[in-house]
Amino acid sequence: MNIFDLYLEKIIKIVTLASKAKEIEIPENLNGIKVDVPPVQFDCDISTNVAMVLSKANKKAPSVLAEQIIELIKKDDKEIENISVANPGFINIKFKNSFWSNFLKNIITNNKSFGINKKSIKKKYLLEFVSANPTGPLHVGHCRGAILGDVLSNLLSFNNHTVTKEYYVNDDGNQILHFSKSVYLRIREILKKEPFPKDNPDLYPGDYLINIAKNIIKNNKNSKFDNFEEVSNNLTKQSVEESLKLIKFNLKNLGIIHDNFISEEEIVKKKEVEKVIKKLKKNNFVYEGKLNAPKNEKSTDWKERNQLLFKSTDFGDDKDRPLQKADKSWTYFASDVAYHNNKLERNYDVLINILGADHAGYIKRITSVVEALSGNKNKLICKVSQLVKLIKDGKPFKMSKRKGDYITVEDLINEVGKDATRFIMLNRSSDVELDFDFTKVKEKSKDNPLYYVQYCYARICSVFRHVNININDKVNIKNFDFKYKLEEIKILRKISQWPQCIEISTSKLEPHRIPTYLYELASEFHSFWNMGRDNEEFRFINKDKNLSEEKLVLLLSISKVIKSGMNIIGVNTPEKM
RNA sequence: GCGCCUGUAGCUCAAUUGGAUAGAGCGCUUGGCUACGGACCAGGAGGUUCUGGGUUCAACUCCUAGCAGGCGCGCCA
């Protein structure tokens, strides 16, 4: 039940009817009309700008027109206690108690669907996220995008869309070869006591490779590991598998489970790259040509050559993008083009990619390809998550792949925990860089907004324990005819805004609004709770049984919204803390 | 040089996709625990929303020109 949508429909209906009766003029497009949350100082529940939008067409001052519309609304609606005009022409509405009683009754009986956006058309989404190279466990840098993707998936599913979560495994190309070579050298180190070359920047120095090497030795007792070329194929495959094991373990610890893992190598092997290039060629999006040297400092040794290019400049990219390397093997981009064609062939309505900030420069070319292949500019949405700045002991902490000293997801979960990690990573818009202060999150965990929200839920559970009601049971309420105090109405207003929070988070793919909302709701609750300290009237458990029931319904609705929101962001709501 | 992101209170950030007197946390400061859980609450101080111009009933939000910071800019993935 979205009361803002409800009243928007109502108001549009009222002005449309009035225009038919020649009482007021309306323009063709009524999109500007909105029903919104009024500022707190007005003590009203909803507010509309309808008079301001229609004032031009009626050649009347907004405040004058507003008075006229107020009369129309009053005639139509019996649930309004007070309706008034505020400068420069807003119409503010305050509901009767009965409205809120009905509202609560509605959300308690339909608590599972409260917040779902019922207007939106159900779609099939493909969400690609993480897709980190399978060369080792995940580190903190991967975390933010991983959590963002997972929560977007939850959010879309919550709104009854179909979502497939996919991980693209880059198990082909030079990096994988270097990785496999590193594993080989670790194996030699173990079997033949040959020291691992520490100074080769192409190799992967991390200690986790030793474990991977050990596992592979265990599984290949007959192999001698005498010649890299001989074992390379098999070894690469097994090394990637070992890496994926680590990655899946990390993801599971974060509470993330993908539906599909798609292998780049498989796509290349199946000649899907050739297939898609043929398709693009037919439509003149691929040609043989030369590229200019890139305009950065390290482009001194640039050699111009003829090569296969995708015409991404047709779609607004800076330059056309190469599909083939000098040795005629495919570029990363080429196989990614094939992968995206593969996605398109699986008939999804919308494709979403979650990328780290360091890959943002890649967006234009890949959206261009999807547009070229599908003819639809909005088929692929790329969402960027900005960097996480790690801070330890008040100082920025730089991770270095060369030294192998980076913080893994495992370290993070062990130190901070899944819930705190998810809540903090989500608490900010993905467009801004995030400060992740280790020492703070660990030491001062009481200042963590996660606990503030969880504490709200735990307190509610504690009340229910006192009256011997299981909070998860279906609660039978006989009487819904309650009289609410202003402080309680403030909580009800906040609850009524939950569907809006979901709607905006979903349409903009911005889940950070959810933790923000939950914090605000929890704040309303804690504030009310503390009023019961001085004044028994405000306590939830009361000698007057009817009064207690009224409060318990209110509490229950808060707990339902908190739980629902925490479910979406994938964080627990313990009943005791 | 070009592209993307950011610029809001001392610090870290919100702001319902253009609304009314721009809000929180931390920090500073004054107060509140014999309680339905103090992991909490109430109050105070703190603002030229980076700058200039434009669009309109209305701009933190949109357009434009700048300034500052971050990220990226082979045939690496």
A/Glu503 with A/Lys119: basic N within carboxylate O range, under 4.0 Å: yes

Nearest to side-chain heavy atoms of A/Gln500, which nucleotide of B/U16, B/U12, B/C41: B/U16

Sugar-phosphate, base or nothing in reach of A/Val37, heavy atoms under 4.0 Å: base

Integer-rounded Å distance: B/G25 C1' and A/Ile424 CD1: 12 Å

Of the listed nucleotides B/C36, B/A77, B/U6, the one nearest the side chain of A/Ile541: B/C36

Paired nucleotide for B/G52 [Watson-Crick or G-U wobble; both distances under 3.5 Å]: B/U64

Check ion pair A/Glu433-A/Lys389 (N to O, under 4.0 angstrom): yes

B/G38 phosphate, OP1 or OP2, under 4.0 Å from A/Trp529 side-chain N/O: yes

Base of B/G19 and ring of A/Phe90 stacked, centres under 5.5 Å, planes under 30°: no

Touch class at under 4.0 angstrom, heavy-atom based, for A/Asn87 against every strand present: base

Ion pair check, A/Asp320 and A/Arg365, cut-off under 4.0 Å: no

Gap in Å between the two C1' atoms, one belonging to B/C73 and one to B/U17, rounded: 31 Å

Sugar-phosphate, base or nothing in reach of A/Ala357, heavy atoms under 4.0 Å: sugar-phosphate

Short side-chain N/O contact from A/Arg321 to OP1 or OP2 of B/G74, under 4.0 Å: no

Inter-nucleotide C1' distance (B/G66, B/G72), Å rounded: 23 Å

Among B/G19, B/A77, B/G37, the nucleotide that comes nearest once only the side chain of A/Glu264 is considered: B/A77

Aromatic ring pairing A/Tyr452/A/Tyr519, orientation class (parallel under 30°, perpendicular over 60°, tilted between): parallel

Distance below 4.0 Å between A/Lys389 side-chain N/O and B/C71 OP1 or OP2: no

Test applied, salt bridge (charged side-chain N to carboxylate O under 4.0 Å, His left out); reference residue, A/Lys343; option that passes from A/Glu128, A/Glu272, A/Glu166: A/Glu128

SB check A/Lys94 A/Asp45 (cutoff 4.0 Å): no

5' priority, RNA chain B, between A/Arg428 and A/Val463 [closest heavy atom]: A/Arg428

Any-strand Watson-Crick or G-U partner of B/A9, both distances under 3.5 Å: none

Sugar-phosphate only, base, or nothing, as touched by A/Phe4 at under 4.0 Å among non-hydrogen atoms: nothing

Nucleotide of B/U16, B/G38, B/A14 approaching A/Tyr455 most closely (side-chain heavy atoms): B/G38

C1' atoms of B/G74 and B/A14, separation to the nearest Å: 41 Å

P spacing across the pair B/C67 / B/C76, given as an integer number of angstrom: 34 Å

Touch class at under 4.0 angstrom, heavy-atom based, for A/Lys576 against every strand present: base

Complementary nucleotide for B/G38 - Watson-Crick or wobble, under 3.5 Å: none

Gap in Å between the two P atoms, one belonging to B/G7 and one to B/U61, rounded: 11 Å

Nucleotide nearest A/Gln175 when distance is taken to its side chain, options B/C75, B/G19, B/A77: B/A77

B/A39 phosphate, OP1 or OP2, under 4.0 Å from A/Tyr519 side-chain N/O: no

Nucleotide forming a Watson-Crick or wobble pair with B/G3, both distances under 3.5 Å: B/C71

Between CD1 on residue A/Ile366 and CZ on residue A/Phe333, distance to nearest 0.5 Å: 5.5 Å

Sugar-phosphate, base or nothing in reach of A/Lys303, heavy atoms under 4.0 Å: base

Touch class at under 4.0 angstrom, heavy-atom based, for A/Asn170 against every strand present: sugar-phosphate

Lys/Arg N to Asp/Glu carboxylate O, A/Glu536 vs A/Arg539, below 4.0 Å: no

Side chain of A/Asp358 - closest among B/G72, B/C73, B/C41: B/G72

Sugar-phosphate, base or nothing in reach of A/Arg513, heavy atoms under 4.0 Å: sugar-phosphate

N/O donor-acceptor pair, side chain A/Arg533 with base B/C41, under 3.5 angstrom: no

RNA chain B: 5'-proximal contact among A/Phe540 and A/Ile363 (nearest heavy atom): A/Ile363

Aromatic ring pairing A/Phe538/A/Phe528, orientation class (parallel under 30°, perpendicular over 60°, tilted between): perpendicular

Complement of B/G46, any strand, by Watson-Crick or G-U distances under 3.5 angstrom: none

Minimum-distance nucleotide (side-chain atoms of A/Leu387 versus B/C71, B/A42, B/C75): B/C71

Sugar-phosphate, base or nothing in reach of A/Pro62, heavy atoms under 4.0 Å: nothing

Sugar-phosphate, base or nothing in reach of A/Gln307, heavy atoms under 4.0 Å: base

Sugar-phosphate only, base, or nothing, as touched by A/Asn92 at under 4.0 Å among non-hydrogen atoms: base

Nearest to side-chain heavy atoms of A/Asn174, which nucleotide of B/C75, B/G37, B/A77: B/A77

Partner residues of A/Glu537 under the salt bridge (Lys or Arg N to Asp or Glu O under 4.0 Å) criterion, sequence neighbours left out: A/Lys485

Sugar-phosphate, base or nothing in reach of A/His512, heavy atoms under 4.0 Å: sugar-phosphate

Separation of the P atoms in B/G53 and B/C28, to the nearest angstrom: 40 Å

Integer angstrom distance from the P of B/A22 to that of B/C5: 28 Å

Proximity to the side chain of A/His466 - top-ranked nucleotide from B/U16, B/U21, B/G37: B/G37

Selection: residues 131-144 of chain A, any non-hydrogen atom under 4.0 Å of RNA chain B: A/Asn133

Under 4.0 angstrom between A/Ser507 side-chain N/O and B/U17 OP1 or OP2: no

Sugar-phosphate, base or nothing in reach of A/Ser429, heavy atoms under 4.0 Å: sugar-phosphate

Nucleotide nearest A/Asn49 when distance is taken to its side chain, options B/C36, B/A77, B/G19: B/G19

Verdict with supporting geometry, A/Ile558 and A/Ile562, side-chain contact (heavy atoms from CB on, under 4.5 Å): CA-CA 6 Å; A/Ile558 298 171; A/Ile562 297 270; 4.0 Å; yes

Geometric class of the A/Phe540/A/Phe525 ring pair [parallel <30°, tilted 30-60°, perpendicular >60°]: parallel

Sugar-phosphate, base or nothing in reach of A/Glu575, heavy atoms under 4.0 Å: base

Whole-angstrom distance between B/G18 and B/G54, as gauged at atom C1': 15 Å

